[in-house]
Structures are given as structure tokens and as C-alpha cells.
Amino acid sequence: MFRNQYDTDVTTWSPAGRLFQVEYAMEAVKQGSAAIGLRSKTHIVLGCVNKANSELSSHQKKIFKVDDHIGVAIAGLTADGRVLSRYMRNECINYSFTYESPLPVGRLVVQLADKAQVCTQRSWKRPYGVGLLVAGLDESGAHLYYNCPSGNYFEYQAFAIGSRSQAAKTYLERKFENFTDASRDDLVKDALMAIRETLQGETLKSSVCTIAVVGVGEPFHILDQGTVQQMIDAFEIVGEQEGPDAAAGQEASAEPEQGAGAGEGVAPMDI
Amino acid sequence: MVKQQANWSPYDNNGGSCVAIAGADYCVIAADTRMSTGYNILTREYSKICKLADKCVMASSGFQADVKALQKQLAARHLIYQHQHNKQMSCPAMAQLLSNTLYYKRFFPYYSFNVLGGLDNEGKGCVFTYDAVGSYEKVGYSSQGSGSTLITPFLDNQLKSPSPLLLPVQDAVTPLVEAEAIDLVKTVFASASERDIYTGDKIEIVVVNATGIRREYMELRKD
């Protein structure tokens, strides 16, 4: 009701104590194509859906290597994501240069979050319109973080962002208890399954998605299309049997997604 | 009033010699492993050789603290290049980067005398030789460091590589086979360590060829 009066500047509060510009930035994340992440004790897998503007163009790059031990998948304004990836890469290089050791992931996400917060408190800036799934390995183990435009960050066992991510989240919620001790290959298969949930009926092919892995003894790298297609073929046969199950799950999860965005309920960044 | 002079120097010379020889499909880069200061030996097992990229290796003698700082700078710049271009830097590209990095500190130089060796984009061996402020040249072979005055004349005699500035353009690479070049390097260091007090202990020999990078060692006089 009051949104239109208080949503022009990021530095204007609404009477209900919300910053609408920041919430609109988080809306931009929801519009981007899906990105998912999941982790075990020793590995983290990132995946994203490749969306191309038209049949003639290439798809946008949504997964970036930040360092040998850190990678990031983005959803939302990919240009903002590219700029933030460059920032993260520089931070990692500078830290390595000074301390001759890899930047702990927890430190990096805090720096990223602080950088995002600055844009929520300057009248001449706008919040970054991109959500980042940061996957990293350090001395304290495997980590997956989600950084949002509000400047908040959370650690996850598994998460999905972007359009139709609720379908993937439902799948991940069902399976996440198995992830901690899962093998690397099982983790990748689960990632592919989660991506398939977001495709809603479209065939899962290696040209439609990108997968990246980082783990103990395995520096961050994006899997090549051939490998990904092999893994898809390996479980697709099993996938057909699981078909009816998945379809039923999606119908139930479509509803809650519409409810959350509209009203004057809890501000999304406070969850 | 006489101008005040500094009573300390920011530089030290840790001695040592470096050599690189370019072949048709390989490159040999070698350096001794002795690190000295004044008339003392700091350690007999210090590597002066650093791998900068997949097919690019640098050997540096001089002030090793500056050498270490220079190596770190180049490694960081190489990472940035890889992020931006999705590939390793070629040897000629790294050669230019090294030159620019050295000249950047023209008025407080890296006390580092470098030879860069590796394979160019076509897989041919290439060697670049530098002074402390970045002046560089592509050559068929080179030697730097405390033993260079003893080593260079011998290499001139054995390799007789033509200047890259001559016309018609001639191949700077040596017609020697890889094994012969390594043998030559061993001979050259053995000779240099006879008379140069800063060269000795061990040689570290790095060979870059199509199959990758390999390392070998040879003992030298310890005196």
C-alpha cells in the first residue's frame, strides 16, 4: 500500500521499517535463471541453468572460478555478478600474496556482505542485483554460503536461487540429510537432479546446464560438457522411474512461491 | 656541508649464476643452488628457478629477497591473466610482462638479473635475457649472475647463436639436441664453479619441452 511513496531511494525507510529498494534488488535475483549449490563434508557442487537471450546468442556465464579453493554461482544481474567475481578474485590474490595461504571462505563472504551493505546506505548507489552462491574449501572444511543484495549472508548445506528455484529447494530439502557423507559423484548427480527440477519438464541436457566442483584434493573447476552428459545419461534411465514422484512434488511447491513476494509480511532479507 | 650519505644499503648480493639455452623443441634453464652473502654461505640448497606459467620458467640471480618479491608479483599477475583470458600466458607474453614489471621500479629497482626460458606459441624454445630495469632481448642462449663472465664466452664459442636483429632473419635456437644442451650446461657450471667463489654446491636444471617440465640436479664443488 505504501510501497510507492517510500521506494524511490535506497536511503528511505518505509513506515513498516523496510527498505524497498533492497527488496526490489532481491526480486531481481528471483528473476534470474536458477543456480544451485550443495555440499558434503569434502566437496561442494555448484550448478546453474544456461539461459540464452535468443537461439542465436550464447548463454551468459554464471559460474566463476575465484581461486583454486573457491568458486561462485550467481543469479540475477549477471553484470553485477561479474564485477563482484572480479572483486573476489582480487581479494583472494592479495590475501595469498600477503599471507602465502588461501583466503578462508568465511572471511571472503563477510567482505562481500560488507561491500553489499555499503550500497544499501548510500543515496548515490544502488544495491547489487545479484545473489551469489559461494562454494569454498578451507581449513575448517567445505562451505556453501549465500550472499544476498541486502548484505546478509547465510551458510547452507544446500540451496537454490533464481527462477523456479523452489522446485529445486523442495528436492534438496528431501535429500539434504544424505549430503554430508555423500560421495563426490553422488553429489554431482544430486545437483543435476535439482537442476532438472527447475527445468519443469524440459529435457535435461549438458547444453542446458553448467556444473562445477571443488573439493579436497580437487581445485575448483567447471566440468566439461562431455562429462556432464555422461552423468546425465547414467541416471536419466533411473530418472524416468522417478518421474511421477517429481511431478507431484512440483505441483505442491508452486503455490507457496506466489504467496511470499506480494504482501506486507516479513521483509525477505530478515529471514 | 657535505651531502649526507646512507650508512646502510637496501640491497645485498646473494651471488650465483644462471644459464638458459633454447633448442628447436626444448629449452634448458639452469642455476646453481648456492646462496651467499659477502664471503659467507647462507645455504647450499636454495632454488633460484621459478615456474611462472605452463611453458615458462625464470631463473634469477642477484638479491634473492627482490627475486622472491618479483616472482610473487609475476605469479599474481599471471593468475589475473588466467581469470581474464581463460588460458596460460605464453612465454613471449610473460617476457613483456617481466620487462614492464622491472621498469615499473626504474627508480628503486629489483636487484634481480633474470633469464626467462620456455616454449613459444609454436613449441620452439625461446630464451629472453634481462638487465635489472627491464631491458630485454630474445636470444638463443644467455647467462646471468656472478659466473656469467666465465660462462658467456664459453657458450659464445660452442653455440655461436646469431643476433636476432640480423637480416635475413636467422634462427636463434641452437641445433643441439636436448641431451647435448644439458651436457653443455653441466660442463659450463663445472667450469664456472672452479673460479667463481659464489657458484657451486649443486646445479638445478629445468628442461621445458612438449611433454612438460622436468627437473634434474648435479653436484658441484662445495668450496
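The chains referred to below are lettered A, B, ... by the order of the sequence lines, with proteins before strands, and numbering in each begins at 1. For the numbers below, each heavy atom of this structure counts, side chains included, while hydrogens, waters and symmetry mates do not. This structure is a prediction, so every number in the text was calculated from the model and none was measured.
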Other residues, nucleotides and ligands only: do more than 12 of their heavy atoms fall within 6.0 Å of [atom1] on [X]?
X         : atom1 : value
Asp224(A) : CG    : yes
Tyr95(A)  : OH    : yes
Glu155(A) : CD    : yes

Close approach to chain A in [range], criterion heavy atom under 4.5 Å:
range                      : value
residues 96-125 of chain B : none
residues 14-24 of chain B  : none
residues 52-80 of chain B  : Lys72(B), Gln73(B), Ala76(B), Leu79(B), Ile80(B)

Scan the side chains in residues 76-86 of chain A for donor-acceptor partners under 3.5 Å anywhere in the protein, sequence neighbours excluded, and list what turns up.
from     : atom 1 : to        : atom 2 : distance (Å)
Thr78(A) : OG1    : Gln60(A)  : OE1    : 3.2
Thr78(A) : OG1    : Gln60(A)  : NE2    : 2.8
Asp80(A) : OD1    : Arg126(A) : NH2    : 3.0
Asp80(A) : OD2    : Arg126(A) : NH1    : 2.8
Asp80(A) : OD2    : Arg126(A) : NH2    : 3.3
Asp80(A) : OD2    : Gly129(A) : N      : 2.8
Ser85(A) : OG     : Gly81(A)  : O      : 2.8

* Asked: Which region of Asn94(A), side chain (C-beta onward) or backbone (N, CA, C, O), has a non-hydrogen atom less than 4.5 Å from a non-hydrogen atom of chain B, or is it both or neither?
  -> neither

